[in-house]
J.: 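Got a structure for you, written out below as structure tokens; questions coming shortly.
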Amino acid sequence: MPNKSLESHLFSRAYPPIPWRKRLIILLGAAQGLAYLHQGLETQVILGNFNPADVLLDENFNPKLSDFGLQRGLLAVDKSVKYIMSPYDDYYAPEYIMTGRLNSKGDTWSFGNVLYEILSGRKFVDRNLPESEQKLIEWVNQFPGSKRFRKLMDPRLNNQYYHYSHTVARKLAKLAGSCLPRHPKGRPTMSQIVDVLQEAIREQEDENKSR
């Protein structure tokens, strides 16, 4: 793909920071792809370990999902679901780590982690940071909910070119948190996440027009 992966642009200083609107479009496209895999096929497909390296970007930064692990084979647990492995173990949901079984809400967990990464410009785990900041979720949870999004946001987005709506950013930070309860039943489906992201993009566009 012309623009390689989301991982490349998000964490490498060799590229300029991804503008806010493009981050929203990438999030929505990735969520729509996961929702389609979960609900749009005769056989449900679960990535199990969705991460920024799985999101490839075309010339306009439109996302395409990749790394379905087909070259490593499929682990079929039952006839209705195909479970697909990925090497980024840190992104697996806690129920998979505990039981070895995946479900679609595991992709929701992984998506919440990637959403935090897109908002913050930080890696899910970064050993180069001080110990209290190395694990993104633990670092984010240090801050009260009302102040969390301000601490979380990528400081490179403060430039006017990358300007973002505080209302929209707060909504997305809340969405990321909603993806991460330890029990799968407490997480939204990917279709519900798509609805929230579409609403967030509309709000951002309305705010841009009102300036």
Side-chain angles (χ1 to χ4, degrees), residues 1-41 43-75 82-93 102 104 106-126 128 136 153-154 156-157 159 161-164 168-169 172 175-176 179 189-191 193-198 200-202 204-205:
M1 296 289 282
N3 279 307
K4 300 185 179 180
S5 71
L6 174 61
E7 180 183 51
S8 300
H9 285 268
L10 205 54
F11 305 131
S12 172
R13 293 302 186 263
Y15 299 97
I18 304 173
W20 176 244
R21 187 178 185 281
K22 286 184 178 178
R23 296 190 194 204
L24 297 181
I25 296 301
I26 290 168
L27 280 168
L28 176 59
Q32 288 172 326
L34 288 170
Y36 176 74
L37 294 176
H38 292 174
Q39 298 176 314
L41 301 171
T43 300
Q44 185 184 56
V45 176
I46 298 170
L47 264 70
N49 202 9
F50 173 70
N51 63 81
D54 292 342
V55 183
L56 301 184
L57 304 171
D58 70 12
E59 63 276 7
N60 296 314
F61 280 79
N62 295 310
K64 310 292 182 182
L65 298 186
S66 69
D67 194 15
F68 287 82
L70 297 179
Q71 72 276 17
R72 291 183 290 278
L74 298 175
L75 175 62
K82 292 180 180 178
Y83 296 100
I84 295 174
M85 299 301 150
S86 175
Y88 290 75
D89 292 342
D90 287 335
Y91 292 81
Y92 278 120
L102 292 171
S104 62
D107 281 348
T108 299
W109 170 277
S110 300
F111 187 87
N113 292 322
V114 174
L115 176 48
Y116 270 145
E117 289 179 312
I118 288 179
L119 293 178
S120 67
R122 290 174 174 242
K123 294 180 180 180
F124 180 60
V125 177
D126 189 344
N128 294 318
L136 179 56
M153 297 304 293
D154 187 343
R156 295 174 296 173
L157 289 170
N159 182 291
Y161 176 62
Y162 303 106
H163 183 74
Y164 63 90
V168 172
L172 296 188
L175 175 63
C179 294
T189 65
M190 289 309 307
S191 294
I193 290 171
V194 167
D195 291 341
V196 174
L197 290 171
Q198 289 175 329
I201 290 174
R202 286 194 295 269
Q204 183 66 63
E205 291 175 347

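Since the structure is predicted, the reported quantities are computational estimates derived from the model, not experimental observations. Starting from 1, each residue takes its place in the sequence as its number.
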J.: Does any N or O in the side chain of N60 come within less than 3.5 Å of the main-chain N or O of N62, such that one atom is a donor and the other an acceptor?
T.: no
J.: Kindly write out the residues that satisfy side-chain hydrogen bond (donor to acceptor under 3.5 Å, both in side chains) with D195, not counting sequence neighbours, or none if the list is empty.
T.: none
J.: Would you say N49's side chain and Y92's backbone share a donor-acceptor pair under 3.5 angstrom?
T.: yes
J.: Main chain of S104, side chain of D107: is a donor-acceptor contact present, judged purely on distance under 3.5 Å?
T.: no
J.: To check you understand the geometry: which heavy-atom pair defines the closest contact between F11 and G121, and what is its length?
T.: CD2-O, 3.7 Å
J.: With sequence neighbours excluded, tell me which residues meet side chain to side chain contact (heavy atoms under 4.5 Å, CB included) with N128.
T.: D126
J.: Sequence neighbours left out, what passes ring-ring contact (aromatic ring centres under 6.0 Å, His included) with Y116? Give chain and number order.
T.: none
J.: Quick one: list whatever passes side chain to side chain contact (heavy atoms under 4.5 Å, CB included) with A200, sequence neighbours left out.
T.: V168, K171, L172
J.: Can you list the residues that meet the salt bridge (Lys or Arg N to Asp or Glu O under 4.0 Å) rule with R202, with sequence neighbours excluded?
T.: none
J.: Taking only residues two or more places apart in sequence or in another chain, which ones pass side-chain hydrogen bond (donor to acceptor under 3.5 Å, both in side chains) with S120?
T.: none
J.: Could you tell me whether K123 and E7 make a salt bridge, using a distance below 4.0 angstrom between a side-chain N and a carboxylate O?
T.: no
J.: Mind checking side-chain hydrogen bond (donor to acceptor under 3.5 Å, both in side chains) for Q198 and listing every partner two or more places apart, or none if nothing turns up?
T.: none
J.: For Y15, check side-chain hydrogen bond (donor to acceptor under 3.5 Å, both in side chains) against everything at least two apart and list the hits.
T.: K4
J.: Taking side chain to side chain contact (heavy atoms under 4.5 Å, CB included) as the definition, give me every residue that meets it alongside L10, ordered by chain and number, with sequence neighbours left out.
T.: L6, I18, R23, E117, I118
J.: List in chain and number order the residues that pass side chain to side chain contact (heavy atoms under 4.5 Å, CB included) with L57, two or more places apart in sequence or in another chain; answer none if no residue qualifies.
T.: N3, H9, I26, V55, F61, P63
J.: Under the ring-ring contact (aromatic ring centres under 6.0 Å, His included) rule, collect the residues that match up with H38, sequence neighbours excluded.
T.: none
